[in-house]
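Read through the structure below, which is laid out as structure tokens, and then see the notes.
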Amino acid sequence: MSKVAHYLQEHLLGEVMTSTDARRYFSTDCSIFSIAPSIVVYPRNENDVRKTARFTWQLAERGRIIPITPRGWGTDLSGGAVGSGIMMVFPAHMNRIVSLDQKPALSSLSLALTTDGFNKHSRPMNGFYPYPASIEYSSIGGAVGNNAAGEKSVKYGVTKDYVKSLRVVLANGR
Ligand SMILES: Cc1cc2nc3c(=O)[nH]c(=O)nc-3n(C[C@H](O)[C@H](O)[C@H](O)COP(=O)(O)OP(=O)(O)OC[C@H]3O[C@@H](n4cnc5c(N)ncnc54)[C@H](O)[C@@H]3O)c2cc1C
């Protein structure tokens, strides 16, 4: 295990993996591209994400660049969910509805929740989010990252029309 992976393992609550199997597994999405990450991180909470970003930011300031690729369910068709460096895999832990408002439009979600999962929970309150066609096996985070759209866009708009606000971790960990 590299020094960077070891440091992350010591400081994160979530798991850190560098095995060949894990790296190979996350080297592809649903595109034609293939890049093996050097480290796979399963963040357990927001703090894990912030710590990872802050650490790589500090390394970058000293000239060592380690990119981070966030990943939902890896159904991206354009290679957006593959990358060298750290693969940050959200579905393992950060996959819940933080709060479900009576008005689903005001619900708060962990972005690794599956799109279909959100629809199932919000349907009794007439909640509805129509995308993507991969709805059963893709995440809200992936849909936001891609601004997913589809055959219903003319009538219902695209993903950005369903996002009221985002709580995000920046590259420097803030
Ligand atoms: C059969 C099939 C049908 C599809 N149909 C459609 C369709 O109708 N419309 C459409 O738009 N797309 C479609 N797609 C593409 C893809 O499924 C969608 O873009 C989906 O929203 C991606 O979700 P994901 O969880 O798999 O994200 P991933 O593939 O894991 O990631 C997608 C992008 O979002 C970023 N990302 C993921 N999670 C986060 C996060 N928490 N924070 C920040 N960035 C994040 C990733 O870095 C990557 O750039 C389809 C794909 C397949 C295989």
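For ligands, and for the atoms within them, numbers begin at 1 and follow the listed sequence.
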Using modelled atom types and a 3.5 Å cut-off, is there a donor and acceptor pairing between side-chain atoms of [X] and backbone atoms of [Y]?
X	Y	answer
Asp48	Gly14	yes
Ser153	Ala149	no
Asn172	Arg174	yes
Ser38	Gly85	yes
Thr159	Ala148	yes

Below the 3.5 angstrom mark, is there an N/O of [X], backbone or side chain, next to an N/O of ligand 1?
X	result
Leu77	no
Tyr137	no
Gly72	yes
Ser139	yes
Asp76	yes
Thr69	no
Gly80	yes
Ala81	no

Pair Ser19, Asp21: side-chain N/O donor-acceptor within cut-off below 3.5 Å: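 There is no such pair between these side chains.
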Selection from [options] by shortest heavy-atom distance to [atom]:
atom	options	result
atom 46 (C) of ligand 1	Pro91, Gly145, Pro70	Pro70
atom 3 (C) of ligand 1	Ser31, Ser134, Pro43	Ser134
atom 37 (C) of ligand 1	Ala133, Gly142, Ser138, Pro130	Gly142
atom 9 (N) of ligand 1	Ala143, Gly150, Ala149	Ala149

Contact atoms of ligand 1, heavy-atom distance to Arg71 under 4.0 Å: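 Counting atoms of ligand 1 from 1, those under 4.0 Å from Arg71 are 30 (O).
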Numbered atoms of ligand 1 (with element) below 4.0 Å of Phe90, judged on heavy atoms: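 Counting atoms of ligand 1 from 1, those under 4.0 Å from Phe90 are 41 (N).
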Contact check, side chains of [X] and [Y], non-hydrogen atoms, under 4.5 Å:
X	Y	result
Ile39	Val16	yes
Thr69	Ile35	no
Asn45	Leu13	yes

Ligand 1-proximal atoms of Trp73, by part, heavy-atom distance under 4.0 Å: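 Under 4.0 Å from ligand 1, Trp73 contributes backbone and side-chain atoms.
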Parallel, tilted or perpendicular, as decided by the 30° and 60° cut-offs, for the rings of Phe55 and Tyr7: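 Correct class here is parallel.
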